[in-house]
Amino acid sequence: MRVVLAEDLYLLREGLIQLLTAHGFTVVAAAETGPELAAALAEHEPDIAIVDVRLPPTNTDEGLRIALEARRRRPGLPVLVLSQHVEQLYARELLEDGSGGVGYLLKDRVLNAGQFVDAIRRVAAGGTAMDPDVIAKLLTRARPDSPVDQLTPREKEVLGLMAEGRSNAAIAQRLFMSEGAVGKHTAGIFGKLGLGPSDDDNRRVLAVLAYLNSGR
């Protein structure tokens with residue numbers, strides 16, 4: 001799997017390259033700045049972009065804005081944001097097209113290589129990988145007319161784990177229930193959110209979007 005990486009801190013960038021290479025990824029470009037990231041995405045058309053939010057020269061939100069622009073030019077480009085900060089506005093925009101292949105992890109909450117690599121593979125395959133703290137930030141303001149309000153507490157738990165990118169098997173393990181029960185809750189969620197039969201992965205992404213948008 002071909003990766004474009006954007007991280008301005010030398011030691012972290014080199015560490016990520018070594019980690020990714022050790023797990024079978026090919027880092028085709030490692031950008032230090034926003035302009036380098038833009039050039040790398042245009043030149044290499046990677047299978048996934050792993051980007052820090054804040055990159056030189058502005059050190060504000062340059063990395064995320066460039067990733068969003070690349071996703072507009074190439075819809076569905078998998079993007080995994082790896083940051084110390086939650087940029088709520090752009091995090092929502094990243095999720096808004098509903099095509100999947102997006103993730104947002106906080107650097108200080110990635111606890112091991114397996115967790116990180118699993119998140120990369122989920123995002124590259126068109127799924128989601130959202131840190132629970134990012135989700136919490138996006139849900140700080142409840143919207144009273146959201147269809148998510150129709151969900152039961154258990155369905156909201158399932159949907160929250162779905163937003164993290166967990167499979168039905170992982171959700172079942174976390175909530176101490178059978179996969180069949182998770183499947184029933186998932187079907188209930190899709191029904192209450194008005195998500196008719198279609199590609200299952202897309203419906204999961206659309207459900208996650210509804211969940212996150214309920215915090216607007």
Note to self: Can you tell me if Lys107 has over 12 outside heavy atoms packed within less than 6.0 Å of its NZ?
What the structure shows: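 Check passes, neighbour count above 12.
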Check: Within a reach of under 6.0 Å around CD of Gln115, are more than 12 heavy atoms found that belong to other residues, nucleotides or ligands?
Finding: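 Result for CD/Gln115: enclosed.
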To the nearest 0.5 Å, what is the distance between [atom1] ([X]) and [atom2] ([Y])?
| X | Y | atom1 | atom2 | answer |
| --- | --- | --- | --- | --- |
| Lys156 | Gln150 | NZ | CD | 10.0 Å |
| Leu161 | Met130 | CG | CE | 13.5 Å |
| Thr186 | Ile171 | OG1 | CD1 | 6.0 Å |
| Gln173 | Asn168 | CD | CG | 13.0 Å |

Could [X] and [Y] be called an ion pair, given the rule that one side-chain N must be under 4.0 Å from one carboxylate O?
| X | Y | result |
| --- | --- | --- |
| Glu69 | Arg73 | yes |
| Arg13 | Glu32 | yes |
| Asp131 | Arg109 | yes |
| Arg54 | Asp8 | no |

Are any of the side-chain heavy atoms of [X] and [Y] separated by less than 4.5 Å?
| X | Y | answer |
| --- | --- | --- |
| Leu41 | Pro46 | yes |
| Val4 | Ile50 | no |
| Leu82 | Asp52 | no |
| Ile189 | Val158 | yes |
| Asp118 | Arg121 | no |
| Met177 | Arg154 | yes |

Note to self: Assess the residue pair Gln84 and Leu106 against the criterion (side-chain contact (heavy atoms from CB on, under 4.5 Å)); give the C-alpha distance rounded to whole Å, side-chain angles, the decisive distance to 0.1 Å, and a yes or no.
What the structure shows: CA-CA 5 Å; Gln84 290 178 301; Leu106 298 179; over 6 Å; no
Donor-acceptor pair, side chain of [X] and main chain of [Y], under 3.5 angstrom:
| X | Y | result |
| --- | --- | --- |
| Arg71 | Leu77 | yes |
| Arg65 | Val53 | no |
| Arg2 | Val27 | no |

For [X] versus [Y], what's the shortest heavy-atom pair and its separation?
| X | Y | answer |
| --- | --- | --- |
| Ile66 | Pro35 | CD1-N, 4.4 Å |
| Phe116 | Leu19 | CD2-CD2, 3.9 Å |
| Thr58 | Glu62 | OG1-OE1, 2.9 Å |
| Val51 | Ala67 | CG2-CB, 4.2 Å |

Next item on the list: Run the numbers on Leu175 and Glu157 for side-chain contact (heavy atoms from CB on, under 4.5 Å), then give the verdict.
Entry: CA-CA 8 Å; Leu175 297 181; Glu157 282 187 287; 3.9 Å; yes
Next item on the list: Sort out for me which residue in Val3, Leu5, Ile48 forms a side chain to side chain contact (heavy atoms under 4.5 Å, CB included) with Phe25.
Entry: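 In the set Val3, Leu5, Ile48, the residue that makes a side chain to side chain contact (heavy atoms under 4.5 Å, CB included) with Phe25 is Val3.
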Check: Which of these, Val81, Val123, Val79, sits in a side chain to side chain contact (heavy atoms under 4.5 Å, CB included) with Tyr104?
Finding: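 Exactly one option meets the side chain to side chain contact (heavy atoms under 4.5 Å, CB included) with Tyr104, and it is Val81.
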Check: Hey, mind stepping through Arg166 and Arg122 against side-chain contact (heavy atoms from CB on, under 4.5 Å) and telling me if it holds?
Finding: CA-CA 9 Å; Arg166 303 299 171 189; Arg122 287 204 310 271; 3.9 Å; yes
